[in-house]
Amino acid sequence: MKLHEYQAKELLAAYGAPVPENYVASSGAEAADAARKLGGEAVVKAQVHAGGRGKAGGVKVAASPEEAAQIAESLIGSTLVTLQTGPAGAPVHKVLVERTMEIERELYLSVATDGSRRRPVVIASASGGMEIEEVAQTEPEKVLTEPVDPVIGFRAFQGRRLAARLGLPAAQTRPFSALVEACCRAYDEKDATMIEINPLVLTAGGELLALDAKISLDDDALFRHPAEAGLRDASQDDPLEAQAAEAGIAYVKLDGDIGCMVNGAGLAMATMDIVQFAGAKPANFLDVGGGAGEEKISRAILLMLSDPNVEKALVNIFGGILRCDVAARGVVDAYGKADRRPPLVARMLGTNADEGKEVLARSGLNARMADTLQEAAAAIKE
Amino acid sequence: MKLHEYQAKELLAAYGAPVPENYVASSGAEAADAARKLGGEAVVKAQVHAGGRGKAGGVKVAASPEEAAQIAESLIGSTLVTLQTGPAGAPVHKVLVERTMEIERELYLSVATDGSRRRPVVIASASGGMEIEEVAQTEPEKVLTEPVDPVIGFRAFQGRRLAARLGLPAAQTRPFSALVEACCRAYDEKDATMIEINPLVLTAGGELLALDAKISLDDDALFRHPAEAGLRDASQDDPLEAQAAEAGIAYVKLDGDIGCMVNGAGLAMATMDIVQFAGAKPANFLDVGGGAGEEKISRAILLMLSDPNVEKALVNIFGGILRCDVAARGVVDAYGKADRRPPLVARMLGTNADEGKEVLARSGLNARMADTLQEAAAAIKE
Amino acid sequence: MSILVNEETRLLVQGITGREGSFHAERCMAYGTNLVAGVTPGKGGQTFEGRVPIFDSVSEAADATGANVSLIFVPPPFAADAILEAADAEIPLAVCITEGVPVRDAAMVMRYLEGKPTRLLGPNCPGLITPGAKAKVGIMPGAIHAPGKVGVVSRSGTLTYEAVGQLTGLGVGQSTCVGIGGDPVSGTTFVDVLAMFNDDPETEAIVMIGEIGGTKEQEAAAFIAAHVRKPVAALIVGQTAPPGRRMGHAGAVITGKAALASEKMRALEEAGCRVIPTPADIGATAAAMLA
Amino acid sequence: MSILVNEETRLLVQGITGREGSFHAERCMAYGTNLVAGVTPGKGGQTFEGRVPIFDSVSEAADATGANVSLIFVPPPFAADAILEAADAEIPLAVCITEGVPVRDAAMVMRYLEGKPTRLLGPNCPGLITPGAKAKVGIMPGAIHAPGKVGVVSRSGTLTYEAVGQLTGLGVGQSTCVGIGGDPVSGTTFVDVLAMFNDDPETEAIVMIGEIGGTKEQEAAAFIAAHVRKPVAALIVGQTAPPGRRMGHAGAVITGKAALASEKMRALEEAGCRVIPTPADIGATAAAMLA
């Protein structure tokens, strides 16, 4: 689950990480008030779940409260398209109004879990700003990492080492170390999957400040963080994907015309690969997950069909926990409810495969059966 | 550092451990008020840093607020002598007034650090009450232990296992597990060296309650617990020992007449052993610690001499960090300031031993030098 | 003729009275696995299917039955505790099926297990099966497997069944099939399983099924290049997946380009693997490799 | 002809610019120890005594100088971090002199070090010395030592010097003298050191100095009975100490009677040790044992 910048900064500040003075505004008037509190001049930042806002016009400096109001009004209610939002963009409902400052240096700092090391790592670079991925590719030695022991946490000596390697002035060693420790504690205690401060700035006054902040939380751990679970802004997600997520279905909309419904993420990816290798284009990735029942299958199919681009459907079920006859009944149920019934190719293997095929055969649906992945691909291409 | 029962219960309650409703009282009137809030009947418990209060008359049941006042008045200002206080006893300044209850079972529960396992252990027994040490000696199988991993803490499965082995009713498994977890968290977060709940009672109403609670905190960790450091009640300590502790000197008063001053706990114990094997009796254990300066040595000698029983003094210094000449100057300084000057046997070895002996020789003190432990013992016996 | 589970396997199921736990415990038993105990706190003393004793704790169960593999079906909030309980009882192999275990819990558990005698498989994995020993410790459909000499290791669940289905369909049996699970932090890795297959005298070839994301396949490739003397056929799925929407750069900085299917396939090819061109070719590639 | 420190020792001092750190670093060097580096954060680039380079971090120091032993003099609140930093740099031996380290920190550090390549000696210990190799890594007065064949291991500081003084006074030299420290939770134990002396071809006899409290001496006795083939003389001090005032029963329940001097002496005697009757007899007992 992604947090907005203003939520992320509030959370980090609660852990003692320094952030610039800021106020959230939902209207031009609120933005003007905020700018006034900040002394007139302020930065106005669109709150969306994506980076790349600056280049997309989502971050602007206002010289006066009036200008802040103007910028806020132009942003709020608009849809911001950045490199990270995709072409659909993300709706802006709030802006963050923040004090301006003279920036001496921009650094990059993040915490994320490294599957290979099986623990969080702190990633830092003296090359802050937007291009960190490029730095990582072209000058990997400029990207510093410190693994964080999952049980004893980030240690002071690591903070000192990192500060020295970043070339921070001696006076900033302790504040920097404390800031990284705060991020690591927040990461641990809130079950984050990513905390990113980019840029982390050293101001002309010698102050370290988190100028931007992104936080993603582990959806699987929200059960122990009810307060944070309440921070979800569903408006930032694709509506179909949000609906799917609520039903426990992994769904990603794509731009093809072959609707796919599969059980298991790996098999779903394999199915997409097969469709594309056959020269067709998947309309979506859809993993109905383990242990789905008839109703969930039905919902998944209806979800898939609600995309108007879908012209054919491919159901690929390898029965394990999920029995093929259950899956088949779900498909039949959904086709009964749907307002349109694109031709269907179905492949069923594993637990109760024969029963599943039988259910489909007797349903009267226009369903073509396939036994192998090749056959399924060929059938979908026809 | 030891806490009073009322402090311990407040701390445990803050961690979610269930304790009976109670009020601290410093006077009869306060005790009567407290009893009134509890419905009239109450237990009045003397607050001293020692167990064994019940047998010593420090815990009494009052049938009415008036009786509670009476008991409180008789206890407050008195000195309670229990098996754990030693003959000098401990002064009572406060009483705890607590609700009475019908007790179904008494259990024993504690957390302490086991040096062999290098981690805290939870100790529990279905045989609660006073005689746990005897149980441990005679029926060790009745004393259950669960080691607590220092980094991941006490786990729910351990709580379930312990509850089952204690024969607790199924309904108490979760509350018991939560109580032990609370104790372990308190132990960890507050740097305790001992938490003991004895007895932990199961009431007739099926409630688990910490009926008594003892907590000792790690003196070495008080720097990170300023709030708890303020809970110290120096009146409970021997005044000389308290003075010594403040100066960083380990001093334990004994009942002999040979004052001993040694650097290092092991050598101090060895010195006491030697004195006793020679047929004399040490007046104290005194370890001036590592890295003492002249002033600290002088304070240690004055402390030793402030015990009127001291008739001879034995100084045994093996110079390492501490230089013998520094030690000697400290001794000379103290003898200069003291109002009485018992005969002195001094042994100096290691760093600057010759210089140390020279300082003593030139001081004009009645100091007999010894080279070996045997010589020192023989000299002290003369 | 197998790794990790075999005729000596004495299976314990943690969460045996739950819906999934009881269903799959029964299936494992039906396949032939020696199910010796179940654990559900508070239900100690009962029996499962009239003959398998249920205990309150893993240590009791292990003491009483000599269980040496634990299959874990407890809900996500309690999965970490269940794994730690298995480790505390020194069960050599814990297989955690549970999906949705918080990443932090997995990282904590894995750190705790360092230097301990317990191996974890999963979480969020289908388990493992040795068809020749009739030992099924997981949720895979038993009937699609056949005894043989190909070791299968996969990050995926149903895609593993697909792979096995293709193999069995072409008459290619399996020594052991291991699903290592798809979570970002998990216990047993490709490298661990490859090392065991490499040392297993009855495994003659290996099929490895990877996915886009992370760097686990590259680590496998490096290990294969350095140590594996048996033929390996490898598939990477997600070759045609579009880049997902994401926030921030941290993930990309950790894995770099390694997360891409093309990079993984290149690494495996350079390590001497036969790269399986499409998911439809798993069986055929393996059969050709054995021929 | 020694254990743990020898001619190959390349010493690093953490906290080298502090009062105690600089004093003892100089003494170690004067004794002949090969002091290769110091660490004090923020003072990297300076030198100690005009020739020993100072670094900001242990990893830098280890990389630059090949230091393989670290002697730690940082104040108690920072001691745990200093040990972890040495472990992070994979220094094989960390010797923590610091007195007053919170017990929780020591327990955390020791749990962390499980399975790691770093051995900790201390905290709250005098360090160790191998007179024959002119390697002094600690705060003991170097001059009282003499090269020889008796290994000394002790929980105490100055009492160790007393023991060594008696030995040297009687012409009995030492292979290595190790002070394991007196804190309730510490790194290297009697058993660890006894095992190393037992395997050291140049150690012919062992002197062990114990104290009342805890059960470490009983563990040593059990190890001696089972494994040690060399003569061991053992002293327990505190034989005449009165029971201290205490609160509660937990400590007594953990150690039982084992904390008593009499129990420790009985255990050591039963394990085949020569029990040294009084602290004045350390040298004589050792000399008799060698004769």
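Each chain gets a letter, A, B and so on, in the order its sequence line appears, and its residues count up from 1.
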Interchain contact, B:D149 with chain D, by part (heavy-atom threshold 4.5 Å): side chain
Under 4.5 Å from a heavy atom of chain B, the part of D:L235 involved: neither
Region of D:P77 in contact with chain B, defined by heavy-atom distances below 4.5 Å: both
Leading residue by heavy atom contact count with chain B [cutoff under 4.5 Å; candidates D:R19, D:E211, D:Q239]: D:Q239
Heavy-atom closest pair, residues D:G187 and D:D192: O-OD2, 4.0 Å
Contact origin within B:F223 toward chain D - heavy atom pairs under 4.5 Å: side chain
Reported CD1-to-CZ distance for the pair D:I180 and D:F190, which is rounded to 0.5 angstrom: 4.0 Å
Choice from B:V143, B:D188, B:V121, B:I123 maximising heavy atom contacts with chain D below 4.5 Å: B:D188
Ion pair check, B:R224 and B:D218, cut-off under 4.0 Å: no
D:N124 side chain to D:G100 backbone, donor-acceptor under 3.5 Å: no
From B:N198 atom CG to B:Y108 atom OH, the distance as rounded to the nearest 0.5 Å: 6.0 Å
Options B:G350, B:G319, B:S116, ranked by heavy-atom pairs under 4.5 Å with chain D, top entry: B:S116
Salt bridge (charged side-chain N to carboxylate O under 4.0 Å, His left out) against D:K136, all qualifying residues, sequence neighbours excluded: none
Residue list, side chain to side chain contact (heavy atoms under 4.5 Å, CB included) with D:T240, at least two apart or on another chain: B:M272, B:D273, B:Q276, B:F277
Aromatic ring pairing B:F318/D:Y161, orientation class (parallel under 30°, perpendicular over 60°, tilted between): perpendicular
Salt-bridge present (B:R347, B:E375; N to O < 4.0 Å): no
Pick from B:D220, B:I274, B:L222 with the largest number of heavy-atom pairs that fall under 4.5 Å of chain D: B:D220
Part of D:I144 within contact of chain B (heavy atom distance under 4.5 Å): side chain
For chain D, the option from B:D191, B:V135, B:I195, B:V151 that forms the most heavy-atom pairs under 4.5 Å: B:D191
Under 4.5 Å from a heavy atom of chain D, the part of B:N263 involved: both
Leading residue by heavy atom contact count with chain B [cutoff under 4.5 Å; candidates D:T189, D:I212, D:T278, D:T158]: D:T158
Beyond-backbone contact of B:L267 with D:S156, side-chain heavy atoms, under 4.5 angstrom: no
Approximate separation, where rounding is to 0.5 Å, of D:I209 CD1 and D:E217 CD: 10.5 Å
Which atoms of B:T372 approach chain D - backbone, side chain, both or neither, heavy atom under 4.5 Å: neither
Which portion of B:L349 sits near chain D, non-hydrogen atoms under 4.5 angstrom: neither
Non-hydrogen side-chain atoms of B:D233 and B:Q7 separated by less than 4.5 Å: no
Under 4.5 Å from a heavy atom of chain D, the part of B:A136 involved: side chain
Closest-packed option against chain B by number of heavy-atom pairs under 4.5 Å, given D:T160, D:T215, D:V103: D:V103
Contact origin within D:S154 toward chain B - heavy atom pairs under 4.5 Å: neither
D:T188 and D:R119, any side-chain heavy atoms less than 4.5 Å apart: yes
By side chain to side chain contact (heavy atoms under 4.5 Å, CB included) - contacts of D:F78 (at least two apart): D:V74, D:P75
Partner chain B: residue of D:S186, D:G210, D:A261, D:G214 with the largest heavy-atom pair count (under 4.5 Å): D:S186
Residue D:D281 versus chain B: region with a heavy atom under 4.5 Å: side chain
Interface residues of residues 106-116 of chain D facing chain B - heavy atom cut-off under 4.5 Å: D:A107, D:M108, D:M110, D:R111, D:E114
Region of B:V252 in contact with chain D, defined by heavy-atom distances below 4.5 Å: neither
Per-residue contact mode, D:P126 against chain B (heavy atom under 4.5 angstrom): neither
Between B:S216 and B:E196: side-chain donor-acceptor atoms closer than 3.5 Å: no
Chain B contact via D:Q218 - side chain, backbone, both or neither, heavy atoms under 4.5 Å: neither
Among D:R27, D:Q166, D:E219, residue most engaged with chain B (heavy-atom pairs, under 4.5 Å): D:E219
Toward chain D, the part of B:Q137 with a non-hydrogen atom under 4.5 Å: side chain
Value rounded to 0.5 Å, distance of CG in B:D287 from CE in B:M261: 9.5 Å
B:T145 vs B:R117 side-chain heavy atoms within contact, under 4.5 Å: yes
Lys/Arg-Asp/Glu bridge criterion (N-O < 4.0 Å) met for B:R323, B:E355: no
